[in-house]
Amino acid sequence: MPANPYRTHTCNDLRPAHAGETVKLAGWIHNKRDLGGVLFIDLRDHYGITQIVIPPTAAFQDEIAHLPKETVISVEGTVRPRPDGTVNTNIATGEIELDVAGYEKLGACAPLPMNVFPEDHTPEETRLKYRFLDLRRSQLHQTVMLRSRIISSIRRKMIELGFQEFQTPILTSSSPEGARDFLVPSRLYPGEFYALPQAPQQFKQLLMVSGFDRYFQIAPCFRDEDGRADRTPGEFYQLDVEMSFVTQDDVFAAMEALFVPLFREFKSAWPMNETGGAFPRLTYRDSMLRYGTDKPDLRIPFEISDLTPLFAKSEFKAFAGKTVRAFAVPQAFDQPRSWFDQLQEEAKKLGAPGLAYLKFESHGNLSGPIAKFMPTDGIGGEIVRKVLPEPLAAPNVIFFSADHDETKAAKVLGRMREIIATQLDLVEKNVFKFTWIVDYPMYEMSDEKKVEFSHNPFSMPQGGFEALTTQDPLTLFAYQYDLVCNGYEIASGAIRNHVPEIMYKAFEIAGYDPSVVDTRFAGMINAFKYGAPPHGGIAPGIDRIVMLLAGETNIRDVIAFPMAQNGRDLLMNAPAPATEKQLREVHLTIRKPVPKA
RNA sequence: GGAGCCAUAGCUCAAUUGGUUAGAGCGCCUCCCUGUCACGGAGGAGGUUGCGGGUUCGAGCCCCGUUGGCUCCGCCA
């Protein structure tokens, strides 16, 4: 480090070899230990901590002793080895200390709204409002550094895999499908708006049509939707990827060549469920059936069974004729009644009437509220044989969900699977369980009984034009896929529909006239008429990858400056009203919502 | 758009379930202390219990509303 007026070394540089040297350090007062005679201060910067010693003979000792924690100072002094028995092995500079001869105050510190050290628990609201203090703390500081290293590694690996990095516009046009857009009013064109990209989807496809073969970008994406623990409102980052002349298998292979080494690099101790560098694959249909979700957490050691046929003509009215799903959790057997009651409430929150369960006693009897409808010599026995593992010795509990709506029956039990596994601490620890989810349906039936795209309208239907013209649309699959790890959707992608004829047909089935395609996707459909290569891609979520590698469960804890769940930035006070002058320039008047009566 | 949980000192929590003057630790201030490293010790300041109503002889605690935060549903091609 070149010397300057502030410092000659960082707070992680000095070692016994520097003994006798006169040096300058600069940083924050991390902690103080005033022993009456000698005063110790832990001086902290980005790189580390160095103990500095202010001897009782120093005229300024009283002054420096009264500087509050987190004051920024520069100190000059002599490096010396610590006396025998006072070495601190917890810090890299623990064998030395700085004998301070003079100091300068560089930045005063007001009373702190939260502690930087020690890092005791602090409400997230305070942490968001004073993010610069939270970021000083070791926990978040290290996570942000980890994020930086992960992104560097991704860039390096993508380039090694033969991809080129591109930039695409941020001010662009609104896309008619998908999430709500963020709009930016145009000054030059009154009443017209740019939209921030939900993803660089059409641009990356246009780059393939432009003859670039393998694209990537660490791309900001903007979607005006509500937040979740694993989803920031407003904006997030994707590793956006697109490849020409590829099949689904080629995209998977490229991503496996990225993810396996990446996760090994940053979490070498955690086993991964890859085989020969490849992740297992699961169809969307199987995932919904066995896990009740399209982002299954494979760390949970039990799966869902379908019992619908058993209850087709049942006399048990709560289940009869409905989709019935069930799973068994032996660890639930000894739970108190209050635990089962609390699960009823959880299920009701999800819109189910409750959560039915059967207890399988060690001597083979069934008990519980609905046991009287499930004779062991009848349907009860059939359930046991279908759901419980052999041999049938151990006590167990079978949980059910039933609904006329198949998807709802599946989703409720899928969510209960996660809740129960979490509550009983059954989620396998320190492991990454990846899976590809493939064969998404091309179309689905809307609530209004209309056929609509179930995912990206730009996905290639499996079977191509012929399938579109000969099959029931609801039976069609798309070359659409997700990558899931530990219950998080960490990537989503598709082989694209690059053939105008198939594109028009696909939209026609969803009820759109060719003119709609021509106006809404003018740039892309036009490009496809001038020689488009077959292409496909994927977009892993950077924030979620960092979450997994940092071991965080809250996505805000891997982002330097996140918004709160409600889309407010508590540090910068965004969003904020615009001035009348600003509004005039972009030709806007404010129309406030009418308050409810 | 909907549901649930939370809100007490700068911070983390407590207050025997409606009962006297709302407590403790950390931080802050004053003092003591020459080898600490989560230093130790003595003392002190600091509260409209988020806010507004209500019930009650009496509310931090019960009820209604509201604000903020979090979690979930919807939403997220």
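Note on naming: letters A, B, ... go to the chains in the order of the sequence lines (proteins, then strands), and numbering restarts at 1 for each one.
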For the residue pair Tyr481(A) and Trp436(A), categorise the inter-ring angle as parallel (less than 30°), tilted (30 to 60°) or perpendicular (more than 60°). perpendicular
Evaluate the ring planes of Phe507(A) and Phe521(A), with Trp represented by its six-membered ring, and classify them as parallel (under 30°), tilted (30 to 60°) or perpendicular (over 60°).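 Rings of Phe507(A) and Phe521(A): tilted, as their planes differ by 30° to 60°.
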Proximity to the side chain of [X] - top-ranked nucleotide from [options]:
X: Thr86(A); options: C37(B), C70(B), A77(B); value: C37(B)
X: Leu35(A); options: G68(B), G74(B), U34(B); value: U34(B)
X: Asp226(A); options: G74(B), C76(B), U36(B); value: G74(B)
X: Phe40(A); options: C31(B), G74(B), U36(B); value: U36(B)
X: Asn31(A); options: C39(B), U34(B), U36(B); value: C39(B)
X: Glu125(A); options: G69(B), C75(B), C73(B); value: G69(B)
X: Asn554(A); options: A77(B), U71(B), C37(B); value: U71(B)
X: Pro83(A); options: G35(B), A77(B), C39(B); value: G35(B)
X: Ala229(A); options: U71(B), U36(B), A77(B); value: U71(B)

Quick one: label [X] by what it contacts on the DNA or RNA (base, sugar-phosphate, nothing), any heavy atom closer than 4.0 Å.
X: His66(A); answer: sugar-phosphate
X: Arg228(A); answer: base
X: Glu452(A); answer: nothing
X: Leu39(A); answer: nothing
X: Arg496(A); answer: nothing
X: Glu124(A); answer: sugar-phosphate

For nucleotides [N] and [M], find the distance between their [atom1] atoms and express it as a whole number of Å.
N: C28(B); M: C73(B); atom1: P; value: 42 Å
N: U20(B); M: C57(B); atom1: C1'; value: 15 Å
N: C61(B); M: C29(B); atom1: P; value: 34 Å
N: G50(B); M: C33(B); atom1: C1'; value: 42 Å
N: U30(B); M: G46(B); atom1: P; value: 16 Å
N: C39(B); M: G60(B); atom1: P; value: 38 Å
N: G1(B); M: C63(B); atom1: C1'; value: 26 Å
N: G4(B); M: A77(B); atom1: C1'; value: 30 Å

Sort out the partner of [N] for me: Watson-Crick or G-U wobble, both distances under 3.5 Å, none otherwise.
N: C29(B); value: G43(B)
N: A3(B); value: U71(B)
N: U16(B); value: none
N: A77(B); value: none
N: U55(B); value: none

Under 3.5 Å, side chain of Glu508(A) to main-chain N/O of Lys505(A), donor-acceptor pair present? no
Check for a donor-acceptor pair, side chain of Asn497(A) on one end and backbone N or O of Val499(A) on the other, with a separation under 3.5 Å. yes
Crowding at CD, Gln462(A) (>12 non-hydrogen neighbours, <6.0 Å):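 More than 12 within 6.0 Å, yes.
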Which sits closer to the 5' end of RNA chain B, Asn88(A) or Asn566(A), going by the nucleotide each is nearest to? Asn88(A)
First encountered from the 5' end of RNA chain B, between Ala564(A) and Val38(A):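 Final value for this comparison: Val38(A).
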Check this for me: does the side-chain of [X] come within 3.5 Å of the base of [N] through a donor and an acceptor?
X: Gln198(A); N: A77(B); value: no
X: Arg231(A); N: C76(B); value: yes
X: Arg33(A); N: U34(B); value: no
X: Arg556(A); N: G69(B); value: no

Side-chain touch Lys204(A)/Met243(A), heavy atoms, less than 4.5 angstrom: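 SC-SC contact between Lys204(A) and Met243(A) ruled out.
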Are any protein N/O atoms closer than 3.5 Å to N/O atoms in nucleotides 42-52 of chain B? If there are, list each pair with its distance.
none

Grab the N/O contacts between the protein and nucleotides 10-14 of chain B below 3.5 Å, and write none if there aren't any.
unit_1: G10(B); atom_1: O2'; unit_2: Pro113(A); atom_2: O; d: 3.2
unit_1: C11(B); atom_1: O2'; unit_2: His121(A); atom_2: O; d: 3.4
unit_1: U12(B); atom_1: OP1; unit_2: Pro123(A); atom_2: N; d: 3.3

Exercise: do Asp482(A) and Ser492(A) side chains pair donor with acceptor under 3.5 Å: yes
Between Tyr284(A) and the options Phe477(A), Tyr291(A), Tyr440(A), the ring pair (Phe, Tyr, Trp, His ring centres under 6.0 Å) test singles out Tyr440(A)
Under 4.0 Å between a Lys/Arg side-chain N and an Asp/Glu carboxylate O for Glu95(A) and Arg15(A)?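 So Glu95(A) does not pair with Arg15(A) through a salt bridge.
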Is it true that His30(A) and Phe117(A) have ring centroids separated by less than 6.0 Å?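 Centroid distance His30(A)-Phe117(A): below 6.0 Å, so yes.
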CD of Gln423(A) to CD of Glu418(A), rounded to nearest 0.5 Å, is 12.5 Å
